[in-house]
Amino acid sequence: MPKFPPNKYQQAIIDWVKDGSGNAIVDAKAGSGKTSTLELIAQNYPRKMLFIAFNKHIADEINNKPELQHYLKKKDEGGAGTLKVYTVNAIGDMTVLQDLRTRNLYKGGENKFLKANKMFPILEREIRSICQTRHEKITDDMVWDMMRDLKVACDKVRSKYVTNDRDEAERVIEEDGLCDFSKIEREDGLSYPILPWAQIVEDALEEGMKLYEEKGIYDFVDQLYIPVVNKLYLPSWMAYYSEFIGCDESQDLSALQLRFLKKLIPMKPQYGVKFPTRFLFVADEKQAIYGFAGADCHSVENIRRQFNTEELPLNICYRCPKAVVRVAQKWVPEIEAAPNAIEGEVHVIDNSQIADLVQSKDMVIARKNKDLAEIFLSIVLKGKPVYIKDKDMIDSAIKSIRSLGCSTVSGLQDKIDKLHEEYKNQMRNPENQKQASAINNGTMDVYDMIKAMLNFFITEKKHPTSTMVEVFIAFIEDLFVTEPSDNAVIVSSIHQVKGLEAKRVFIINYNLMPYTSNNKTADDNQQERNLIYIAITRAQEVLYCCNGELDEDEKSYYKPMTSEEVDSAVSSYDSDYYDMVFQDDE
């Protein structure tokens with residue numbers, strides 16, 4: 001049972017669950033008690049229900065909640081629990097395995113058909129075949145660079161699946177700035193070939209489907225893509241849990257995930273289930289930040305259109321103190337502090353003060369990897385235990401170092417300085433800003449992070465510039481790849497701490513956020529604003545808004561947009577396009 005009686009917003013949701021009809025969206029603000037609301041729903045819904053969690057970690061957490069065990073376990077001998085919790089990909093995987101069983105390819109036991117890197121061998125064959133035909137000279141690391149970008153394109157094309165639209169690959173590659181290697185200068189004198197990137201993606205996806213049809217091999221995106229494209233039936237037991245479906249973090253659903261969820265609707269008549277399917281989507285548009293990973297930036301708008309939803313607010317934040325909520329209200333006016341919330345504290349300090357002030361279990365977060373590396377190293381110099389949450393960030397730095405092909409630290413320094421100068425010139429020229437480039441905001445952030453590490457390696461650790469690059473890489477792995485401890489300061493990107501909290505939170509370069517600009521899309525600019533709201537609402541007691549300054553180079557080209565400029569840039573989406581997305585689901 002919930003520890004406290006439901007608030008007015010939770011009561012309205014309970015009333016809708018018990019007596020309402022149709023579908024609804026719960027507009028759940030940060031820290032608004034979604035798990036306790038789920039418990040209230042499970043307590044008040046008389047029949048079976050399915051809850052779709054955003055990822056496996058969240059699904060496992062919910063499945064292990066003591067207060068939900070009554071609903072998750074069998075109520076009596078022979079009776080199934082009234083609540084089941086899965087990720088949408090887990091349901092997709094069950095659907096694919098059912099199809100493989102039907103075709104006598106899978107007979108139970110260990111699943112050897114799910115291959116995370118399924119697309120890499122296909123893409124490598126495509127790249128090498130074209131280069132051989134054209135007599136293009138390429139190295140293994142060049143092939144890897146091309147495969148990596150094309151794999152991203154393959155995943156996003158499938159995640160944005162609408163129809164057999166042959167222009168989708170071209171759009172993804174252009175919008176994400178993929179496969180532009182023209183500005184990379186290699187020490188071996190080789191240049192990356194210009195290949196028909198969109199055609200390679202289209203051909204690779206066709207080969208991927210053939211591989212599934214012939215051998216049953218699939219990857220994580222295929223868990224949903226194959227059931228949607230091949231119109232597979234979902235496992236029959238799901239019909240009995242399809243009367244009421246809750247879906248968490250719905251603002252970050254991809255078009256493919258939403259189409260897959262719609263497959264749950266027509267199951268009931270086939271299995272004699274009498275009650276119509278009702279969806280309860282839990283979302284916060286102001287926490288949509290995964291567009292870069294294939295999420296539909298207009299997911300909530302499309303849910304409203306496709307599911308004809310009623311709006312149910314959930315505005316009271318139980319995580320943050322009143323002082324922090326007042327800061328968050330600048331970005332999301334509807335969020336409310338809990339009546340019994342403490343006052344809390346909000347301080348404005350300089351970035352340079354963070355290392356002195358941080359204590360064990362504090363959270364230090366930033367938008368840019370460069371800022372995280374710098375603050376991590378400054379905390380190390382203070383002798384305080386520190387843990388960096390973003391292992392992918394370190395992997396990305398090491399891969400970028402190796403891709404630059406330098407043998408010594410001095411060569412690496414020179415190469416990064418040259419790239420930085422090129423980026424500055426590009427940013428100063430409005431014409432260049434709008435062109436896809438191998439040096440964009442993301443890649444330059446990685447190079448700046450490497451530069452911060454280099455400065456520390458040379459200045460603080462006294463390594464000569466003649467040191468071999470592999471020694472520098474070993475230093476990075478030894479210093480940054482650590483395990484978390486109970487007394488460590490946590491350093492992380494904002495993306496990585498979504499859903500987490502700490503008593504004391506430091507936001508680096510708060511005064512420079514959001515990192516919006518005129519050369520980003522309207523969706524990108526909106527997500528940059530969302531990141532500030534997420535960062536602010538991690539604090540349980542004390543929030544430190546840490547200010548930084550632009551260096552002289554940045555001042556010449558970095559001009560943050562005003563809130564009015566961002567508002568005018570955030571345009572409405574093309575509703576006709578999204579009607580087309582779901583036209584064959586009607």
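Here, residue 1 is the first one in the sequence, and each next residue gets the next number. In what follows, every heavy atom counts, from backbone to side chain, and hydrogens, waters and symmetry copies are set aside.
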Quiz prompt | Test: Arg158 cationic atom under 6.0 Å from Phe220 six-membered ring centre, within 45° of axis | solution = no
Quiz prompt | Interatomic distance, Arg326 atom CZ to Glu343 atom CD [nearest 0.5 angstrom] | solution = 4.5 Å
Self-check item: NZ/Lys322: more than 12 non-hydrogen atoms of other groups inside 6.0 Å
Solution: yes
Self-check item: Flag if over 12 foreign heavy atoms under 6.0 Å of NZ, Lys391
Solution: yes
Quiz item: Quick one: are Leu234 and Pro227 in side-chain contact, heavy atoms under 4.5 Å?
Solution: no
Self-check item: Exercise: do Asn530 and Gln526 side chains pair donor with acceptor under 3.5 Å
Solution: yes
Quiz item: Roughly how far apart are Gln540 CD and Tyr318 OH, rounded to 0.5 Å?
Solution: 15.5 Å
Practice problem: First locate atom CD1 of Ile490, then atom CD1 of Ile365, and finally report the distance between them rounded to the nearest 0.5 Å. | Solution: 11.0 Å
Quiz item: When you check the side-chain N and O atoms of Asp523 and His298, is any donor under 3.5 Å from an acceptor?
Solution: yes
Practice problem: Please check if any side-chain donor atom of Asp93 sits under 3.5 Å from a side-chain acceptor atom of Gln223, or the reverse. | Solution: yes
Exercise. Tell me whether the guanidinium CZ or amine NZ of Lys368 lies under 6.0 angstrom from the six-membered ring centre of Tyr515 and within 45° of its axis.
Key: yes
Quiz prompt | Trace of the ring-ring contact (aromatic ring centres under 6.0 Å, His included) decision for Phe281 with Phe307 | solution = CA-CA 10 Å; Phe281 295 95; Phe307 291 84; 4.9 Å; yes
Exercise. Indicate whether any N or O donor in one side chain lies under 3.5 Å from an N or O acceptor in the other, for Tyr533 and Asp284.
Key: yes
Quiz prompt | Pairing of Arg304 and Glu311 as salt bridge, 4.0 angstrom limit | solution = yes
Quiz item: Got Leu97 and Met94 here, is their nearest side-chain heavy-atom distance under 4.5 Å?
Solution: no
Exercise. Would you please say whether a donor-acceptor pair under 3.5 Å links the side chains of Thr309 and Asn23?
Key: no
Quiz prompt | Nearest-0.5 Å distance that lies between atom SG in Cys154 and atom CD in Glu207 | solution = 11.5 Å
Practice problem: Only pairs at least two apart or in different chains count here, so list each salt bridge (Lys or Arg N to Asp or Glu O under 4.0 Å) that has a residue in residues 5-28. | Solution: Asp27-Lys29
Exercise. Tell me whether the guanidinium CZ or amine NZ of Lys115 lies under 6.0 angstrom from the six-membered ring centre of Phe120 and within 45° of its axis.
Key: no
Quiz item: Hey, are the side chains of Met209 and Ile226 touching, using non-hydrogen atoms and a 4.5 Å cut-off?
Solution: yes
Practice problem: Please indicate whether Asn308 has more than 12 foreign heavy atoms, meaning atoms of other residues, nucleotides or ligands, lying under 6.0 Å from its CG. | Solution: no
Practice problem: Could you walk me through whether Lys156 and Glu168 pass the salt bridge (charged side-chain N to carboxylate O under 4.0 Å, His left out) test, one step at a time? | Solution: CA-CA 9 Å; Lys156 286 199 172 183; Glu168 191 65 51; over 6 Å; no
